[in-house]
Amino acid sequence: MTTQEQLVGYRRDTDSHPPLDSPGYRSTALRHPTQPLTLLPHRLTEVTGPLLGPGRVGELDHDLTRQHADEPIGQRIIVYGRVLDGDGRPIPDSLIEIWQANAGGRYRHTGDRWPSPLDPNFDGLGRTLTDADGRYEFVTIKPGAYPWRNHDNAWRPAHIHFSLFGRSFTQRLVTQMYFPDDPLFGQDPVFNSVPEHARSRLIARFDLDRTQPEWALAFEFDIVLRGRDATPLEDHHG
Amino acid sequence: MADLATTPSQTVGPFLHIGLTWDDGPYVVPKDMQGAVWLRGRVLDGAGEVITDALVETWQADPDGRFDHPDDSRGPAQGWRGFGRSDTRDGGYAIHTVLPGAVPGQAPHIDVSVFARGLLHRVVTRVYFPDHADQHADDPVLSSVPANRRDTLIATRTDDGYRFDVRIQGERETVFFDV
């Protein structure tokens, strides 16, 4: 057939991710498949994926502190890093979407009703593209922790949601970035759903060198998407 | 070469709409496109309840079976986004698209990701279409699925397109793939 057989797939990463059935996080109980997953060898549909370009990103989308007439309340922070594949290669020109609560831990969302005030100057939505070296940078405010009803006196540690596309369907990833030394980690079943050895990959690093004096603290958060297989896929058509 | 460990997945949570919805998200093809169809469906939990805080994303070839991507060696299908996303706040998802063409060696299909509160990692499935039933027996992915579950991957016709419900858990659970 054509050169389709020369496609190179992506390595699977089974030891990074939380199990879909994680009893500590109660919402997983009725929302995890009980049948085993069927292995899907990567073919053209899986090694391609949406390459979502500049048309998706507005001029101030990367700066969540400048999207209104006034600045939001909160600790101003820079969140920056690189998006790499599992071989350490940068992933360029790739869309990153983030969303987060405000400094008081409240989301601008009709479903968030807990009694902490909304901030009229904060939407909590950011978008950017990685540059040619896979680098990205957001300016935002540090989100607050907030209570939820998973268990008695449950609180989510402060976090920022990240959505990444990479270059292929199989690299798609949605995750959460946490802050160093959060005292709420121990009681959070979402963070702790991740295998223990992998949890530190979700925690940003405080970076004094990138802090802007008299302006903003800085946190570094590198994100790794899957790397490619070493050899082309065999012919799956036979 | 480095072998870096992948960043772990986390749930989108209940407030995914802030970050993951676009005004044109459901429109893989424009509203006025001739021959376009609506792919609609519900996402259901293990109690049969409709999940209204899910996000469905679709990825598909154009009607000639091609992708606008450098890894498609036949050359880019320019102007073809191929990607759709729809949340389920109104009780289901809806994607405005056209039927994909056959990718070499496979029956026409759409890859689907489902994200939701309570899903710590996306689940992935595929939609096939009743129009191509004659190609399904030879499709390598459908053939890898137990025969008695294959129908969970095949959409049904409706007045304005197709219906494809996703059952996360329970009776007639949708086949999900390890990608």
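We name chains A, B, ... by the order of the sequence lines, and we start the count at 1 in each one. Quick note: numbers below take in every heavy atom, side chains included, and nothing from hydrogens, waters or symmetry partners. Note that the structure is predicted; figures quoted are calculated from it, not measured.
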task: Flag the pair Asp151(B) and Arg172(B) as a salt bridge only when some basic side-chain nitrogen lies within less than 4.0 angstrom of an acidic carboxylate oxygen.
output: yes
query: Would Arg11(A) and Asp3(B) pass as an ion pair if we require N to O under 4.0 Å?
result: yes
task: Could you give me the CA-CA distance, side-chain angles and deciding distance for Phe185(A) and Tyr178(A), then say whether side-chain contact (heavy atoms from CB on, under 4.5 Å) is met?
output: CA-CA 9 Å; Phe185(A) 284 151; Tyr178(A) 299 89; 3.7 Å; yes
message: Whether Arg31(A) and Asp21(A) form a salt bridge (side-chain N of Lys/Arg under 4.0 Å from carboxylate O of Asp/Glu) is what I want to check.
response: no
query: Residues two or more places apart in sequence or in another chain: which of them pass salt bridge (Lys or Arg N to Asp or Glu O under 4.0 Å) with Arg149(A)?
result: none
Contact origin within Leu173(A) toward chain B - heavy atom pairs under 4.5 Å: side chain
For residues 26-41 of chain B, please give each side-chain donor-acceptor pair under 3.5 Å, one per line with the distance, not counting sequence neighbours.
{"from": "Arg40(B)", "atom 1": "NE", "to": "Asp160(B)", "atom 2": "OD2", "distance (Å)": "3.2"}
{"from": "Arg40(B)", "atom 1": "NH2", "to": "Asp160(B)", "atom 2": "OD2", "distance (Å)": "2.7"}

query: Where does Leu39(A) contact chain B at under 4.5 Å (heavy atoms): side chain, backbone, both or neither?
result: both
- prompt: Heavy atoms under 4.5 Å from chain A: which residues of residues 115-132 of chain B carry them?
  reply: Phe115(B), Ala116(B), Arg117(B), Gly118(B), Leu119(B), Leu120(B), His121(B), Arg122(B), Val123(B), Val124(B), Arg126(B)
Region of Arg127(A) that comes under 4.5 Å of a non-hydrogen atom in chain B: side chain
Selection from Trp22(B), Phe176(B), Phe177(B) maximising heavy-atom pairs under 4.5 Å formed with chain A: Trp22(B)
- prompt: What part of Ala101(A) is in contact with chain B, defined as an atom under 4.5 angstrom from a non-hydrogen atom: side chain, backbone, both or neither?
  reply: neither
- prompt: Should Asp188(A) and Arg199(A) count as an ion pair when the cut-off is N to O under 4.0 Å?
  reply: no
- prompt: Rounded to the nearest 0.5 Å, what separation is found between the CZ atom of Arg66(B) and the CG atom of Leu44(A)?
  reply: 11.0 Å
field: Portion of Glu97(A) that has a non-hydrogen atom of chain B nearer than 4.5 angstrom
entry: side chain
- prompt: With a 4.5 angstrom heavy-atom cut-off, which part of Asp222(A) approaches chain B: side chain, backbone, both or neither?
  reply: backbone
task: Check each atom of Asp139(B) against the heavy atoms of chain A and say whether the ones under 4.5 Å are side chain, backbone, both or neither.
output: neither
message: As an exercise: rank Leu52(A), Thr175(A), Leu164(A) by heavy-atom pairs under 4.5 Å with chain B and give me the winner.
response: Thr175(A)
query: Looking only at heavy atoms, which of residues 77-99 of chain B get nearer than 4.5 Å to chain A?
result: Arg81(B), Phe83(B), Arg85(B)
query: Should Glu220(A) and Arg205(A) count as an ion pair when the cut-off is N to O under 4.0 Å?
result: yes
- prompt: Taking the six-membered ring of Phe165(A), is the NZ or CZ of Arg172(A) close enough (under 6.0 Å from the centre) and on axis enough (within 45°)?
  reply: yes
